[in-house]
Q: 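Sharing a structure below in structure tokens format, with a few things to ask.
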Amino acid sequence: MSGALLTRRACHGATALGGGGRRRRPTPYLVLGGLFWLVMSLAYWRVPMCCDFGQHAAVVERLKENLLHPAHPMADLPGEGSAYYSPYAVAQGLFAEVTGLAGWQVVKLAGPLNLLVLLTGIGRFVRVLTPRPWAPVLALLAMVLLWGTRMAWWSGYLGLMSMTGNLGYPSTFAIGLTFWAWAWAGTLTRDARGGLMPYAGLGGLWPYVGLGGLCGLILLVHPISSVGAVIGVVAFAASGRAVGRRALCWTATALTAAVIGAVWPYYSVFSLVGDASVDWIHRQLYTELPQRFWLALLGLPALWLRFRRDRRDPLVLMFALDCAVVAYGWVSGHYTYGRILGLTLVPLQFALAIELAAPRAWGWRRGALAGAAALGACVGFFQIQAGAVVPRALDPIGFDQPPRWPGYGWAVGHMHRGDVVLTNGYYPTRSVPGYGANLVAPAWPDASLDEDVRNRRLAAVRTYLDPGSTRAERTAIVRRYDVRWLLLSRDQRVPSEAVVMGWSPRTGEVLARVGAPKGADRDGSTPTNAPLIG
């Protein structure tokens with residue numbers, strides 16, 4: 001999708017004097033990338049809300065409610081300082097406000113758009129590295145298939161299966177911009193012949209400032225992905241032959257990115273440095289690293305060949321720096337840095353793709369590498385990724401399918417926007433806020449909420465749901481947190497003071513009403529102007 005190749009028709013007679021016409025022929029990547037965009041957009045649309053989807057939908061709901069001062073994404077608390085309120089999310093909130101769409105609808109619509117940014121970024125980045133027309137196609141296939149034989153379902157991990165859930169997330173948009181940033185850095189470092197770009201004095205700073213602006217945007221949209229983005233830019237800068245002469249240019253890039261990160265009014269991105277609140281969640285990225293990523297190691301021979309040809313090859317430098325950051329995350333205990341492992345695989349995957357896109361005739365070494373890559377892609381597809389694009393109805397084997405979480409439309413249809421729900425269920429704590437309701441205790445840490453406060457709220461939920469709790473204890477919790485609803489699993493007892501309003505035939509969960517809604521009349525009735533969710 002990086003453009004179309006232009007070819008001349010053979011010209012005869014008088015037509016030849018005029019040079020003939022031009023016929024635009026689509027590149028392989030334009031055709032196959034477009035087909036991939038269509039298939040994956042449909043695959044993404046068929047997967048219901050799951051995993052972190054509700055969190056991102058909740059962010060849009062809060063911004064739709066108050067664009068300048070949004071509340072906490074998941075609780076009835078102030079949201080000042082939440083890293084979820086990025087420029088990407090603010091644009092989504094503004095779009096939701098203008099169109100009247102719900103948060104979950106906006107996140108769904110974002111999937112195909114994010115995929116388009118990603119695919120065009122991949123195409124542009126690969127074209128900076130090589131003119132081989134099939135290289136972007138092979139790079140895309142390697143990126144979505146060559147992972148491992150254990151599911152890697154994390155935001156920012158773009159295997160074929162995880163794409164069905166992650167395409168609408170800010171991380172996908174940020175990674176798409178990352179490929180564009182790397183391509184931009186590559187064009188600033190080398191011209192089409194691999195030489196140095198001409199230096200044009202102070203006027204030549206503007207492209208570097210523009211690159212810094214793009215890096216600053218990535219930093220705000222998804223801070224952890226920006227680590228990988230900056231590593232790639234540094235790798236391209238270091239691969240140049242006159243780094244010292246361009247120090248001022250690259251300094252302008254760094255300063256621009258830092259200024260953009262510093263002036264964003266919704267949260268301070270630099271306050272996240274050293275934050276350990278979610279490190280415990282990411283430890284498993286290291287403990288299960290071999291199973292999740294070993295197929296990408298098929299790209300090591302290709303990367304080694306690039307190293308032998310050029311010790312300052314940008315893909316080689318990028319991979320080395322990525323590995324250093326991942327190793328730092330393990331040694332320091334800041335396991336969140338393991339999130340860049342998805343981008344760490346890119347040099348391996350893309351080096352392999354570029355090597356296999358070389359024109360024939362191949363030697364036996366390249367042929368063996370191609371055979372190993374084809375086998376690895378088949379293993380990755382049939383072991384993990386196939387269920388992303390093969391629906392269960394058409395599946396003759398029984399591939400693993402994307403998650404299909406239960407929906408909560410049956411419950412939120414009774415609620416009003418901003419109502420507080422008390423629940424400790426895994427699915428509802430991650431889904432219900434996406435419809436505009438609030439939780440007593442958020443499921444995830446957030447920079448806008450002190451972790452001690454969240455832990456106290458979690459303790460209050462446990463106390464309320466404890467079968468040994470007294471009615472007085474439960475009433476105190478309902479009043480303290482303005483609880484309106486209980487969402488209970490089938491094995492949890494409904495308190496005597498609660499009124500059952502609905503239940504799910506699929507999960508057996510029960511929705512019960514307690515307390516009184518905000519703004520209710522003295523008799524507990526709801527004002528007619530209170531907006532229902534849904």
Side-chain angles (χ1 to χ4, degrees), residues 52 55-56 58-94 155-156 169-175 177-178 181 209-234 251-282 325 328-329 332-340 343 433 438 442-455 457:
D52 293 344
Q55 174 88 11
H56 297 298
V59 169
V60 178
E61 286 287 339
R62 301 323 183 258
L63 286 163
K64 178 182 176 182
E65 189 75 16
N66 191 329
L67 191 66
L68 297 180
H69 301 285
H72 186 281
M74 306 190 90
D76 186 18
L77 291 166
E80 182 180 357
S82 175
Y84 287 102
Y85 295 126
S86 68
Y88 174 88
V90 170
Q92 286 186 314
L94 182 60
S155 175
Y169 294 179
S171 58
T172 304
F173 182 73
I175 291 174
L177 294 183
T178 293
V209 172
L211 175 59
L214 180 56
C215 290
L217 178 60
I218 298 169
L219 174 65
L220 291 172
V221 171
H222 201 242
I224 191 61
S225 293
S226 72
V227 176
V230 169
I231 285 174
V233 171
V234 170
T251 300
T253 299
L255 287 177
T256 303
V259 169
I260 289 177
V263 301
W264 182 245
Y266 285 84
Y267 75 97
S268 172
V269 69
F270 300 110
S271 67
L272 302 177
V273 177
D275 179 33
S277 60
V278 294
D279 283 335
W280 60 275
I281 301 172
H282 297 99
V325 171
Y328 167 77
S332 66
H334 290 300
Y335 302 117
T336 305
Y337 284 103
R339 289 280 293 278
I340 74 163
L343 291 174
N438 287 303
W444 302 111
D446 190 292
S448 66
L449 179 62
D450 187 272
E451 191 64 5
D452 290 338
V453 175
R454 192 176 78 94
N455 287 332
R457 286 173 166 257

Q: OG/Ser155 to CD/Gln55 distance, rounded to the nearest 0.5 angstrom?
A: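 It comes to 11.0 Å.
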Q: Are Tyr266 and Leu68 close enough that some pair of their side-chain heavy atoms sits under 4.5 Å apart?
A: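 Answer yes - side chains close enough.
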Q: If you look at every heavy atom in Ile260 and Gly213, which pair is closest and at what distance?
A: CD1-CA, 3.3 Å
Q: Could you list the residues that satisfy side chain to side chain contact (heavy atoms under 4.5 Å, CB included) with Ile224, not counting sequence neighbours?
A: His222, Val227, Thr336, Tyr337, Arg339, Ile340
Q: Are side-chain heavy atoms of Tyr88 and Leu217 found at a separation under 4.5 Å?
A: no
Q: Counting distance only, does the side-chain N/O of Ser82 pair as donor-acceptor with the main-chain N or O of Gly79 below 3.5 Å?
A: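 Judged by distance alone, no pair lies under 3.5 Å.
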Q: Under 4.0 Å between a side-chain nitrogen and a carboxylate oxygen: does that hold for Arg454 and Glu451?
A: yes
Q: Work out which heavy atom in Val209 is nearest to a heavy atom in Ala252; give both atom names and the distance.
A: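 Closest heavy-atom pair between Val209 and Ala252: CG2-CB, 4.1 Å.
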Q: Specify the closest pair of heavy atoms between Gly93 and Leu67, including all atoms of both residues, with the distance to one decimal.
A: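 Nearest heavy atoms, Gly93 then Leu67: C-CD1, 4.2 Å.
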Q: Is a side-chain donor or acceptor of Arg62 paired with a backbone partner of Ala71 at a separation under 3.5 angstrom?
A: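 Side chain of Arg62 to backbone of Ala71, a donor-acceptor pair under 3.5 Å: no, none is there.
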Q: For Ala83 and Leu272, work out which heavy atoms get closest and say how close.
A: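 Looks like CB-CD1, 4.0 Å.
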Q: So Pro433 and Glu61, do their side chains get closer than 4.5 Å, heavy atoms only?
A: no
Q: Do Val325 and His334 have side-chain heavy atoms sitting under 4.5 Å apart?
A: no
Q: Under the side chain to side chain contact (heavy atoms under 4.5 Å, CB included) rule, collect the residues that match up with Leu219, sequence neighbours excluded.
A: Ser226, Val269, Phe270
Q: Find the distance between OG (Ser225) and CG (Leu177) and round it off to the nearest 0.5 Å.
A: 10.0 Å
Q: Is the shortest side-chain heavy-atom distance between Trp264 and Pro87 below 4.5 Å?
A: yes
Q: Considering only heavy atoms from C-beta outward, does the side chain of Ser86 approach that of Phe173 to under 4.5 Å?
A: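 A side-chain contact is absent here, since even the closest heavy-atom pair is not under 4.5 Å.
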Q: Can you tell me how far the CG atom of Asp52 sits from the OH atom of Tyr84, to the nearest 0.5 Å?
A: 6.5 Å
Q: NE2 of His69 to OH of Tyr85: how many Å apart, nearest 0.5 Å?
A: 12.5 Å
Q: Roughly how far, to the nearest 0.5 Å, is the CE atom of Met74 from the CG atom of Leu449?
A: 12.0 Å
Q: Which heavy atom of Ala181 sits nearest a heavy atom of Leu211, and at what distance?
A: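 That would be O-CD1, 3.5 Å.
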Q: Which heavy atom of Asn438 sits nearest a heavy atom of His72, and at what distance?
A: OD1-O, 4.5 Å
